[in-house]
Asks: 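Would you mind keeping the following structure in view while I ask a few things?
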Amino acid sequence: MNRESEYARGDYAVETRELWRRFGKFEAVRGVDLRVLRGTVFGLLGVNGAGKSTIIKMIVGHLRPTSGEIKVLGRTLAEDPTEMRERVAYVSENRYLYEWMTVEESIRFTRAFHRAWDDQKAAELLKRFGLPGDKKVRQLSRGNRARLCLLLALSFNPELIILDEPTSGLDPIVRRDFIENIVAEISDEGKTVLFSSHIVDEVERVADCVGIINDGELLMTSSLEEIKASYKRVRYAANGARPELSGVPGVLAVENGRHEQVLTVRGWGDELLGALRERGVRDPELLPISLEDIFVNTVRAERERRAAG
Amino acid sequence: MNREILKAMFWKEWRETRWKWLAFAFAFHLPLLFVGLSVALRDEWRFDLLAMSDGVTAMALGFAVVVQSIFLITAGLFLLAFFAVGSVGAELENQSIFFLLERPVRRWQVLLFKYGVGAVQATTCVGLSILSTVTVVYVVMAAAATNVTLAGSREAFSYALMNGARGTVWTAFIALVVYSATFLFSVLFEKWWIAVIAGGISIAGMFYYFGAMLFEWIINRATRNTGDDEVNLDLYGQLDPVPMLLMLAASAALYLAAQYAFARKEMR
């Protein structure tokens, strides 16, 4: 079954409809419709303060939406929060742990709460992560704290793992290691992962689907393949007079070189190609595009659109 | 909540608060320490333990109960406010409570457990301090004064002990009300010091507006009327269910208010 038909079937691990959250007059989340398919890794991408953590905190029930609906694994949180927490693991950016507990005590303590706790898995992860069992949490490095949180989250075999900026504050090596651990864990188990990050290459490396959020608004959400198929960088020679491209739908950004222009466009196809040719673009050449190009130009275009109107 | 969870949560609370419990138990015996030090260090305060009689034992034990009670109902209540704030406020402030809220337990269960453990700690610290004070004073006198014999003063001690036991019940109820009020503040205000200030202002306000009337009423209810004009040291001569039930009802109302606030509290 391909992803489009799965979307149509509506088999979502997380589904939000018209989700709003206001703090006083400030609108932190604005009408977000988020759908995370079961068995996928969904990366929520946005700059700091874009509203990612607020959305995630509403999904896990730490914050209440001002309006809108949230379903996790097909049920609302109000229906049975304890059952939900048996099936959903949440690792927050702040990595909440009891500082005075040792690593082993943290594991034993957490184990008591989960019926599906897997001792063997916890032991394997402890070994794989190289965590010192007798050390107190307060003595652990940031990387080891993050690994411990991941261990605690994965050892009760949750169906959905929610990670809010899981690599925040980690050095690049630990960050990569952390992401690889997530990938190793979820690749063959059919779990769903929703994680937020502002680090684009991290999302690109792991995610099947991506949502870009800016100023509390979900600008786009799609599979990574579809995004890359839809967004293009187009280069053409531009000596002398440059084509006037304002008003061409789909053009997100224009970069001016000395003898060329490079466009970032959305919805590449015959229609857009025709519109560019009408404006004097000759022999356009398609360049590879990264998620970072797409992210930066989508957010920038949205900001310009708002500033203009 | 199954047995495993209960055991784990109890273990966590115990590990987190055992030293605090001990420190507060010690703090609630400060009057005893001050009196002991004063007697030991100042010549003019020293009395002739050798000459003390059994009759004086009863008087001394009565004084011990009254002094300890005065301490509990004044400075002790502020100590209690500090104690109560720590039971949930500290976890809210450093956000470690998130760890529990992410587990498959209900919020009200987390709060009930914390309230229960904290209430037991607070009431035992306060209530048992009267009994332990009476016992320490008696043991010191019995050991040091040759005219005070264990056989001869047993009746006076038993009498003071019974009063102390009733005093434990009385002060435990009063402590429960103060603990519950501060517990509510610590749920309402995430900063522990705001909760302490709010608790302190409430206690001071309670003293200011109801102090004389309230305490006179409670003391009248707790003291057996001897009919003479002398200073009545027979504090806690009786148990009266009416004020106790009222205090229990007030505690329950404060606890339910804390549950209500906690259920609606957002964890940012």
Side-chain angles (χ1 to χ4, degrees), chain A residues 21-23 28 53-54 56-66 77-78 80-102 105-117 136-138 145 148-149 152-153 155-156 158 161-164, chain B residues 1-23 86-114 117-118 121 187-188 190-192 259-268:
Chain A
R21 174 65 210 212
R22 295 185 187 89
F23 295 105
S53 293
T54 309
I56 284 181
K57 280 183 177 177
M58 286 193 281
I59 291 169
V60 297
H62 288 331
L63 287 176
R64 276 188 302 278
T66 306
L77 203 62
D80 192 349
T82 50
E83 173 64 23
M84 199 70 80
R85 291 192 179 105
E86 276 286 10
R87 299 167 67 194
V88 180
Y90 167 53
V91 176
S92 83
E93 178 185 11
N94 298 319
R95 303 181 193 110
Y96 305 113
L97 291 163
Y98 287 100
E99 302 277 326
W100 55 268
M101 284 187 197
T102 63
E105 283 171 341
S106 300
I107 295 171
R108 267 206 307 276
F109 180 63
T110 313
R111 177 186 190 278
F113 290 88
H114 297 281
R115 290 194 299 263
W117 186 268
K136 286 196 187 297
V137 168
R138 74 167 71 95
R145 284 173 75 107
L148 177 58
C149 285
L152 299 177
S155 296
F156 65 92
I161 303 159
I162 299 176
L163 307 149
D164 185 10
Chain B
M1 201 189 277
N2 64 31
R3 222 173 118 204
E4 282 295 302
I5 297 177
L6 272 175
K7 258 170 66 181
M9 284 179 69
F10 187 76
W11 168 81
K12 180 197 144 285
E13 290 298 321
W14 166 247
R15 284 290 303 273
E16 268 183 342
T17 58
R18 56 190 171 169
W19 295 115
K20 196 174 79 176
W21 200 355
L22 210 63
S87 68
V88 68
E91 279 218 53
L92 280 172
E93 193 173 354
N94 66 25
Q95 297 189 317
S96 58
I97 203 155
F98 274 97
F99 189 89
L100 281 180
L101 298 180
E102 285 152 19
R103 305 294 136 215
V105 281
R106 291 180 183 271
R107 272 191 183 203
W108 67 264
Q109 291 172 325
V110 171
L111 201 71
L112 172 63
F113 196 85
K114 294 194 85 64
V117 171
Q121 289 178 333
V187 171
L188 291 175
E190 273 166 38
K191 299 275 178 224
W192 70 269
Q259 279 286 11
Y260 181 84
F262 193 61
R264 275 144 195 83
K265 195 168 190 65
E266 291 197 312
M267 302 293 166
R268 293 187 187 181

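Basis for what follows: all heavy atoms, side chains included, without hydrogens, waters or symmetry-related copies. Worth saying up front: this structure is predicted, and the values here are computed from it rather than measured. Throughout, protein chains are lettered first and strands after them, A, B, ... in sequence-line order, and every chain is numbered starting at 1.
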Asks: Going by an N to O cut-off under 4.0 Å, is there a salt bridge joining B:Arg15 and A:Glu105?
Replies: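 Looking at A:Glu105 together with B:Arg15, the answer is yes, because their closest N to O distance falls below 4.0 Å.
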Asks: At a heavy-atom distance under 4.5 Å, which candidate from A:His114, A:Arg111, A:Arg115 has the highest pair count against chain B?
Replies: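 With the most close heavy-atom pairs to chain B, the winner is A:His114.
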Asks: Run the side chain to side chain contact (heavy atoms under 4.5 Å, CB included) check on A:His62 and B:Leu101 step by step: do they pass?
Replies: CA-CA 9 Å; A:His62 288 331; B:Leu101 298 180; 4.1 Å; yes
Asks: Name the region of B:Arg3, side chain, backbone, both or neither, that has any atom closer than 4.5 Å to a heavy atom of chain A.
Replies: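 Contact with chain A involves no heavy atom of B:Arg3 at all.
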Asks: Show the nearest heavy-atom pair for residues B:Asn2 and A:Ala112, with the distance to one decimal.
Replies: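 Nearest pair, atom of B:Asn2 first, then A:Ala112: OD1-O, 4.4 Å.
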Asks: Hey, can you tell me if A:Trp100 and B:Trp11 have their rings parallel, tilted or perpendicular (30° and 60° cut-offs)?
Replies: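 Ring orientation, 0 to 90° scale: tilted.
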Asks: Taking every non-hydrogen pair under 4.5 Å, which of A:Thr110, A:Val88, A:Leu152 racks up the most with chain B?
Replies: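 Going by pairs under 4.5 Å, I would pick A:Thr110.
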Asks: Taking the side chain as everything from C-beta on, heavy atoms only, tell me whether B:Ile97 gets closer than 4.5 Å to A:Tyr96.
Replies: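 No, their side chains stay 4.5 Å or more apart.
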Asks: Does B:Tyr260 have more than 12 heavy atoms from other residues, nucleotides or ligands lying within 6.0 Å of its OH?
Replies: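 Check fails, neighbour count at 12 or below.
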Asks: Keeping A:Arg85 on the side-chain end and B:Arg106 on the backbone end, is there a donor-acceptor pair under 3.5 Å?
Replies: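 Not at all, since once roles are kept as given, no pair shorter than 3.5 Å links the two residues.
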Asks: Quick check on A:Met84 against chain B: is it the side chain, the backbone, both or neither that has a heavy atom closer than 4.5 Å?
Replies: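 Neither part, no heavy atoms under 4.5 Å.
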Asks: Any side-chain heavy-atom pair from B:Lys12 and A:Met101 closer than 4.5 angstrom?
Replies: yes
Asks: Distance from A:Cys149 atom SG to B:Phe99 atom CZ, nearest 0.5 Å?
Replies: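 Reported value, rounded in 0.5 Å steps: 8.0 Å.
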Asks: Is any side-chain heavy atom of B:Leu100 less than 4.5 Å from a side-chain heavy atom of A:Tyr98?
Replies: yes
Asks: Show the nearest heavy-atom pair for residues A:Arg64 and B:Glu266, with the distance to one decimal.
Replies: N-OE2, 2.7 Å
Asks: Measure across A:Phe113 and B:Ala8 and return the closest heavy-atom pair with its distance rounded to 0.1 Å.
Replies: CE1-CB, 4.5 Å
Asks: Is A:Glu86 paired with B:Arg103 through a side-chain N to carboxylate O contact shorter than 4.0 Å?
Replies: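 So B:Arg103 does not pair with A:Glu86 through a salt bridge.
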